[in-house]
Amino acid sequence: MTPDSADNRYKRLHAEGLARVEPELLARLRHRSPQAFKELWPPLLETLHVTKTEVAQKAWELVRTNILAARGLKPRERSIKDAHVLSLGGKVSSDGDASR
């Protein structure tokens, strides 16, 4: 394999993995919800060609758009951390109240 073909293969696998993060997250939460982020990301990294940061960014995007809820978010937090508990549905504040 030439360096160029390896780079192209990596780019292709990475793009495919990024496209699958959202459906995989949602499928795992449909199967079992709620779940701590620290339980969700390791299998995604094994399955997809992505980083933990990319999974956290996609989870944050889904929380911001009220597709997922995140328990344990502090008012000024702008990223998903291992301790946050994710579930399907609207955003949840640090005190546990829904803020749709």
Using atom types as modelled and distance alone, determine if a side-chain donor or acceptor of Glu54 lies under 3.5 Å from a backbone N or O of Thr51. yes
Distance, nearest 0.5 Å, that separates NE2 of His14 from CZ of Arg9: 14.0 Å
Take Leu68 and Leu26, measure what side chain to side chain contact (heavy atoms under 4.5 Å, CB included) needs, and give me the verdict at the end. CA-CA 8 Å; Leu68 294 183; Leu26 296 175; 3.8 Å; yes
In a table with atom names and distances, give each donor-acceptor pair under 3.5 Å that connects a side chain of residues 37-47 to protein atoms at least two apart or in another chain.
residue: Glu39; atom: OE1; partner: Arg32; partner atom: NH2; Å: 3.2
residue: Trp41; atom: NE1; partner: Asp82; partner atom: OD1; Å: 2.8
residue: Thr47; atom: OG1; partner: Pro43; partner atom: O; Å: 2.8

For Gly17 against Leu48, the heavy-atom pair lying closest together: O-CD1, 3.7 Å
Answer yes or no: is there an ion pair linking Glu16 with Arg12, defined by an N-O contact shorter than 4.0 Å? yes
Of all residues at least two apart in sequence or in a different chain, which pass the side chain to side chain donor-acceptor pair (under 3.5 Å) check with Ser79? Lys81
Pair Leu88-Ile67, side chain to side chain contact (heavy atoms under 4.5 Å, CB included): steps then yes or no: CA-CA 6 Å; Leu88 298 172; Ile67 294 169; 5.6 Å; no
Tell me, please, which residues at least two apart from Glu61 pass side chain to side chain donor-acceptor pair (under 3.5 Å). Lys58
Looking at Gly72 and Glu77, what are the two nearest heavy atoms and their distance? O-OE1, 3.6 Å
Check whether Val85 and Ile80 end up in the same hydrophobic cluster, where Ile, Leu, Val, Met, Phe, Trp and Tyr are linked by side-chain heavy atoms less than 4.5 Å apart. no
Determine the minimum heavy-atom distance between Ser33 and Leu29, stating which atoms define it. CB-O, 2.9 Å
Are Val63 and Val55 in one and the same hydrophobic cluster, where Ile, Leu, Val, Met, Phe, Trp and Tyr link if side-chain heavy atoms are under 4.5 Å apart? yes
Mind checking the CZ-CD spacing from Arg28 to Gln35? Nearest 0.5 Å is all I need. 8.0 Å
